[in-house]
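Comments concern the structure below.
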Amino acid sequence: MLWGAHESEAGPVDRSSQVGGVDEVVRRSGSRPGRSGTGGLVAAAGINRYASLFEHTAFAHLDRPALQDGIGRILATGSHDGKKGFTEAHFHTGPELEAEMREAGFTDTRVYGVEGPAWALLKATEQHTGESLTGSRMFTSALAAARMAEPYPDLLAAGSHLLAVGRN
C-alpha cells in the first residue's frame, strides 16, 4: 500500500514515479529462483481535493478570510504548500488518482471513498454537541449512505480520503 510519500509529492511526475516504483516492487516480490514475479494488488491512498472545505465547514472555521483563501487555492490547484497547519501535499480528485494509477501501468483500477458522503455531517454534529455519535441512528445512517454511494463515482467528491486499487 502506498501511503504518505505519494501524497507529499506535489507534482504529478513525482507521484507517478513513486507509483511506478511500487509497481516494480510488487512485480519483484512474487519472484523466486527460476520464476519471474507474478505481480499483485496495489492500493494507494489519496486526500480528496475537497477535504479541507468539508473539514473546516464541520469545525466552523470558514468565517476566517485567510483560511478561505488557502482552501480556495487547494480547490483550484489541488496543492497545499505545507506552510500552515498541514504538510505539503497534493489533494486529488477521484478521476485524477485513478488516472495516475493507470498511467503507472496498473490495470483494473478503481477508486473508493473511505468515509462516505455523510462524514462531515457526523463530524459537525459531534463538534457542536460535544458527544460521540458512534452507535447512534445518525452513525448507522451515515454508514448506510457510504455503502449506497460506493457504486457512484461522482459521490467520491463528498468524502475526505480516497483509496485507489489496481493490479500490475
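Source: prediction; values computed, not measured.
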Shortest non-hydrogen contact from [X] toward [Y]:
X	Y	value
Ala164	Val111	CB-CG2, 4.0 Å
Leu163	Ala43	CD1-CB, 4.1 Å
Asn48	Gly159	ND2-O, 2.7 Å
Pro117	Ala146	CD-CA, 3.9 Å
Met101	Ala44	SD-CB, 3.9 Å

Checklist line | SB check Arg49 Glu96 (cutoff 4.0 Å) | finding: yes
Less than 4.5 Å apart, any side-chain heavy atom of [X] and any of [Y]?
X	Y	result
His56	Ile71	yes
Glu115	His161	yes
Tyr112	Leu162	no
Phe59	His128	no
Val165	Leu41	yes

From [atom1] ([X]) to [atom2] ([Y]), nearest 0.5 Å:
X	Y	atom1	atom2	value
Ser79	Phe91	OG	CZ	9.5 Å
His90	Thr77	NE2	OG1	8.0 Å
Leu121	Glu126	CG	CD	11.5 Å
Ile47	Phe86	CD1	CZ	4.0 Å
Glu55	Gln127	CD	CD	10.0 Å
Ser141	Met148	OG	CE	10.5 Å

Item checked: Polar side-chain atom of Asn168 near backbone of Phe106 as donor-acceptor pair, under 3.5 Å -> no
Next item on the list: Give the C-alpha distance, both sets of side-chain angles, the deciding distance and a yes or no for side chain to side chain donor-acceptor pair (under 3.5 Å) between Glu88 and His80.
Entry: CA-CA 5 Å; Glu88 180 180 359; His80 183 272; over 6 Å; no
Notebook entry, point to check: Cut-off 3.5 Å, side chains only: do His92 and Glu100 have a donor facing an acceptor?
Noted result: yes
Next item on the list: Check step by step if side-chain contact (heavy atoms from CB on, under 4.5 Å) holds for Leu53 and Leu62.
Entry: CA-CA 8 Å; Leu53 178 68; Leu62 285 181; 3.9 Å; yes
Item checked: Parallel, tilted or perpendicular: rings of Tyr50 and Phe54 (30°, 60°) -> tilted
Check: Does the side-chain contact (heavy atoms from CB on, under 4.5 Å) test come out yes or no for Met138 and Thr125, once each step is laid out?
Finding: CA-CA 10 Å; Met138 185 178 266; Thr125 302; 3.9 Å; yes
